[in-house]
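The structure presented is a predicted model; accordingly, all values stated were derived computationally and were not measured.
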Amino acid sequence: MNSKKITVVALVAIVLVFFFLGMNAYQKRVQNSQAEKVSQVVQQAGSEPASQTDNRLVRFHSPVFGPSNAPVTIVEFFDPACETCRAFYPIVKDILKQYPNDVRLVIRYAPFHAGSDQVVKLLEASKRQSKYEPVLEMILATQPQWADHGKPNIDLAFRAAQEAGLDIAKAQVDAQGSDIAAVLKQDIEDLIALEVNKTPTFFVNGRGLPSFGDQQLRALVAEEVAKVRK
């Protein structure tokens with residue numbers, strides 16, 4: 001390798017090093033900013049009456065799995081068209097099964113993908129028929145068929161919900177209601193305020209994951225459960 005090639009390789013290596021350092025610094029700034037905002041939310045909630053649960057992490061309308069009074073709360077910003085959300089669903093269910101009395105899951109909507117807002121409205125409508133969980137699970141099970149990010153086939157998602165036992169005609173009417181539109185609008189406002197920019201995004205008792213992954217989520221939940229059991 002002649003000196004010219006060595007120089008080019010060295011310059012490319014230097015550029016890559018600075019690129020990755022810059023990306024790491026940017027991600028750290030984003031994480032710190034988000035952590036600061038979430039901390040403010042948690043402190044504000046802690047200064048309010050015990051009956052007040054309406055804040056940017058948990059809203060009164062948010063779907064909840066597990067005991068409503070559980071001392072540990074996982075908040076998941078969720079997109080029904082997100083493949084990673086689908087992959088994490090059984091993981092989160094396993095965590096709830098592991099801690100049946102200590103942990104609850106709160107779902108918040110982050111409809112980043114095309115068509116997700118329509119599916120979110122369908123999910124909210126399914127609450128009125130007490131079908132939320134079976135519809136959610138069917139929507140996720142059939143996600144590879146309907147959630148093409150370029151051109152999602154929402155009709156297939158609606159068909160899946162019907163197979164889960166939903167009265168689809170009634171649900172389609174309910175989904176267009178102003179109250180459901182308000183739920184979606186509020187969740188979008190909250191994810192913007194909290195600087196949530198990807199799905200799934202998890203918070204455990206107001207703490208974000210230090211790094212993203214199955215084991216990191218399990219470890220953070222275990223740490224919070226250990227605190228409340230002392």
Nearest-0.5 Å distance that lies between atom CG in D102 and atom CG in L96: 11.0 Å

Heavy atoms of other groups near R218 CZ, more than 12 under 6.0 Å: yes

For A125 against A175, the heavy-atom pair lying closest together: CB-N, 3.9 Å

Considering all heavy atoms, the nearest A164-P134 contact: CB-O, 3.6 Å

Distance in Å, R128 CZ paired with D174 CG, rounded so as to fall on 0.5 Å steps: 4.5 Å

Minimum heavy-atom distance W146-I139, with the two atoms named: NE1-O, 3.0 Å

Cluster overlap M138 with L136, hydrophobic side-chain contacts below 4.5 Å: no

K127 and E124 ion-paired at < 4.0 Å: yes

Euclidean distance, D155 CG relative to Q162 CD, rounded to 0.5 Å: 11.0 Å

Q143 (side chain) donor-acceptor with C82 (main chain) under 3.5 angstrom: yes

Residues forming a ring-ring contact (aromatic ring centres under 6.0 Å, His included) with F88, sequence neighbours excluded: F202, F212

Step-by-step side-chain contact (heavy atoms from CB on, under 4.5 Å) determination, V204 to L217: CA-CA 8 Å; V204 181; L217 177 60; 4.0 Å; yes

K185, NZ atom: more than 12 neighbouring heavy atoms under 6.0 Å: no

Lys/Arg N to Asp/Glu carboxylate O, E189 vs R59, below 4.0 Å: no

Salt-bridge contact E83-R86 (side-chain N to carboxylate O under 4.0 Å): no

Spatial distance of atom NZ (K121) from atom CD (Q176) [nearest 0.5 Å]: 5.5 Å

Distance-minimising heavy-atom pair for A157 and L122: O-CD2, 4.2 Å

Closest non-hydrogen atom pair between N205 and P71, with its separation: ND2-O, 3.3 Å

Q129 side chain to D167 backbone, donor-acceptor under 3.5 Å: yes

Partner of T73 under side-chain contact (heavy atoms from CB on, under 4.5 Å), chosen from V106, L105, V64, V103: V106

Distance-only polar pair, side chains of D187 and H61, donor-acceptor under 3.5 Å: yes

Linked, directly or transitively: F78 and I180 (ILVMFWY side chains, under 4.5 Å): no

From CA spacing to verdict: side-chain contact (heavy atoms from CB on, under 4.5 Å), E133, F65: CA-CA 9 Å; E133 187 169 358; F65 293 83; 3.7 Å; yes

Minimal non-hydrogen separation, P152 against A114, with atom names: CG-O, 3.2 Å

Residue among L123, L191, I188 satisfying side-chain contact (heavy atoms from CB on, under 4.5 Å) with Y109: L123

Option from R229, R207, K230 for which salt bridge (charged side-chain N to carboxylate O under 4.0 Å, His left out) with E223 holds: R207

Pairs flagged by ring-ring contact (aromatic ring centres under 6.0 Å, His included) wherever residues 110-143 is involved - sequence neighbours left out: H113-H149

Close side-chain approach of E137 and K93, heavy atoms under 4.5 Å: yes

Distance (rounded to the nearest 0.5 Å) between E163 CD and T142 OG1: 7.5 Å

Joint hydrophobic cluster, V228 plus Y99, side-chain heavy atoms closer than 4.5 Å: yes

Point-to-point distance, once rounded to the nearest 0.5 Å, from CG of L166 to NZ of K131: 8.0 Å

D190-Q186 side chain donor-acceptor pair, cut-off 3.5 Å: yes

Residue pairs involving residues 158-197 (criterion ring-ring contact (aromatic ring centres under 6.0 Å, His included); sequence neighbours excluded): none

Backbone of L57 reached by a side-chain donor or acceptor of R108 within 3.5 Å: yes

